[in-house]
Amino acid sequence: MSSSITLPSPAKLNLFLHIVGRRPDGYHELQTLFQFLDYGDEITFTLTPGDARIRLEEPVPGVPDNDNLIIRAARALAERASHALPGVTIRIQKRLPMGGGLGGGSSNAATTLVALNHLWELHLDEDELAELGLDLGADVPVFVRGRSAIGEGVGEKLTPANPPEDWFVVLKPDCEINTRKIFSEEGLTRDTPKMKIAPAFEGDASRYRNDCEDVVRKLYPEVNKSLEWLSQFGPARLTGTGACIFGRFPTESAARIIWESKPSGITGFVAKGVNHSPLHKKLTELK
Ligand SMILES: C[C@@](CO)(OP(=O)(O)O)[C@H](O)COP(=O)(O)OP(=O)(O)OC[C@H]1O[C@@H](n2ccc(N)nc2=O)[C@H](O)[C@@H]1O
Ligand SMILES: Nc1ncnc2c1ncn2[C@@H]1O[C@H](COP(=O)(O)OP(=O)(O)O)[C@@H](O)[C@H]1O
């Protein structure tokens, strides 16, 4: 087996996000529809026999290595091994904005768990990896499992879903949003009635909301302005707790026309929504 592997670490969108209650520990209970994008970071893992260290070739700017979810995921997995493991050097090509609601950090953690389970030949099954991932972040399990899904609880109870694989214009307003801050806002909607989730949800996600959107629009005028602009062309939403927003289009060319006309100074990208994670697709091709 090759001792080096390069794998995608895709973004997710929350096509809708309802807050349906609060747990005794203060965490919010959600109902959210996750879909992956065929766009994200890329991570290369190279085993280093003779050097037991788990290290990043270069730090992610602003994230100390010990806090980096890639390192934390690799260490958590290594603890599960019953024998000495070769070390690993990890290189990340970061494309996803941090604090964007695209799940970049969680996706990096999931790609690390899946990649090193393979390279280290640990044979943990999907349930075990998802459980390890949940300790790192609520969004990690859906990235480990790699199928679009409705998330309940804090996002860890997953029911597979098949939303249409539309094209998206994703815009990143010029601000970083802290998830904790949004969840502690007094004015946040926390009592959206729970929906009954049918298996293989295929409904029209644009009929549903993101309950964080009103609060985020009020606190971050940049997000409000971008949403107003994108909404002219069709349904537009916030993903997660922001800051990124997305508009949905039936074809790539329709999305690109809007992307080309965006106001100057806004960053972002055009990507396709996919119900099977590019991570798992690539891994299957390699096996
Ligand atoms: C909102 C979502 C939707 O996909 O995504 P992002 O916007 O972060 O991408 C996630 O549920 C984000 O979950 P998670 O990754 O665990 O969030 P963290 O940044 O660890 O949470 C920071 C803090 O927000 C609060 N928090 C988080 C999640 C949740 N369901 N209820 C909460 O009350 C808690 O106080 C927590 O300590
Ligand atoms: N590998 C990583 N990539 C991105 N962020 C990371 C990583 N490891 C830890 N973090 C921390 O996680 C926070 C949330 O990042 P991210 O998951 O990209 O955003 P969001 O949860 O809003 O989608 C960052 O602000 C950063 O401090």
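Scope of the values below: all heavy atoms of this structure, side chains included, with no hydrogens, waters or symmetry mates. When a ligand or atom number is given, it counts from 1 through the structure's own listing order. Residues: numbered from 1 along the sequence shown.
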Next item on the list: Answer yes or no for G103: is there a heavy-atom contact with ligand 2 below 4.0 Å?
Entry: yes

Check: Can you list the atoms of ligand 1 that are under 4.0 Å from a heavy atom of L17?
Finding: 3 (C)

Notebook entry, point to check: Which of the atoms in ligand 1, numbered in the order shown and given with their element, are less than 4.0 Å from a heavy-atom of N14?
Noted result: 3 (C), 4 (O)

Check: Atoms of ligand 1 less than 4.0 Å from G101 heavy atoms?
Finding: 7 (O), 9 (O)

Note to self: Could you check whether any heavy atom of V60 sits closer than 4.0 Å to an atom of ligand 2, since that is the contact criterion I want to use?
What the structure shows: no

Margin query: When you compare ligand 1 with S106, is there at least one nitrogen or oxygen pair between them that comes in under 3.5 angstrom?
Written below: no

Check: Counting each atom of ligand 1 from 1 as listed, which ones have a heavy atom of G240 under 4.0 Å away?
Finding: 7 (O)

Checklist line | Side chain, backbone, both or neither: K12 near ligand 1, heavy atoms under 4.0 Å | finding: side chain

Check: For ligand 1, which atoms have a heavy atom of T241 less than 4.0 angstrom away?
Finding: 1 (C), 7 (O)

Check: Taking all non-hydrogen atoms of both residues, which atom of L134 and which atom of E156 are closest, and how far apart?
Finding: CD1-CB, 3.6 Å

Item checked: Protein heavy atom at shortest distance from atom 26 (N) of ligand 1 -> F183 CD1, 3.3 Å

Notebook entry, point to check: In terms of side-chain geometry, is the basic nitrogen of E185 or K181 positioned less than 4.0 Å from the acidic oxygen of its partner?
Noted result: yes

Margin query: Under 4.0 Å from a heavy atom of G26: which atoms of ligand 1 are those, numbered in the order shown and with their elements?
Written below: 33 (O)

Check: Salt bridge or not for R72 and D67, using N-O below 4.0 Å?
Finding: no

Next item on the list: Measure the acute angle between the ring planes of F16 and H18, then classify it against the limits of 30° and 60° as parallel, tilted or perpendicular.
Entry: tilted

Check: Should you measure from each heavy atom of F34, which atoms of ligand 1 turn up under 4.0 Å away?
Finding: 4 (O)

Item checked: ligand 1 to L102 polar contact by distance, N or O atoms, under 3.5 Å -> no

Check: Does ligand 2 have any atom sitting under 4.0 Å from a heavy atom of R72?
Finding: no

Next item on the list: Work out whether the distance between some heavy atom of L96 and some atom of ligand 2 is less than 4.0 Å.
Entry: no

Notebook entry, point to check: Are H276 and R147 linked by a side-chain donor-acceptor pair shorter than 3.5 Å?
Noted result: no

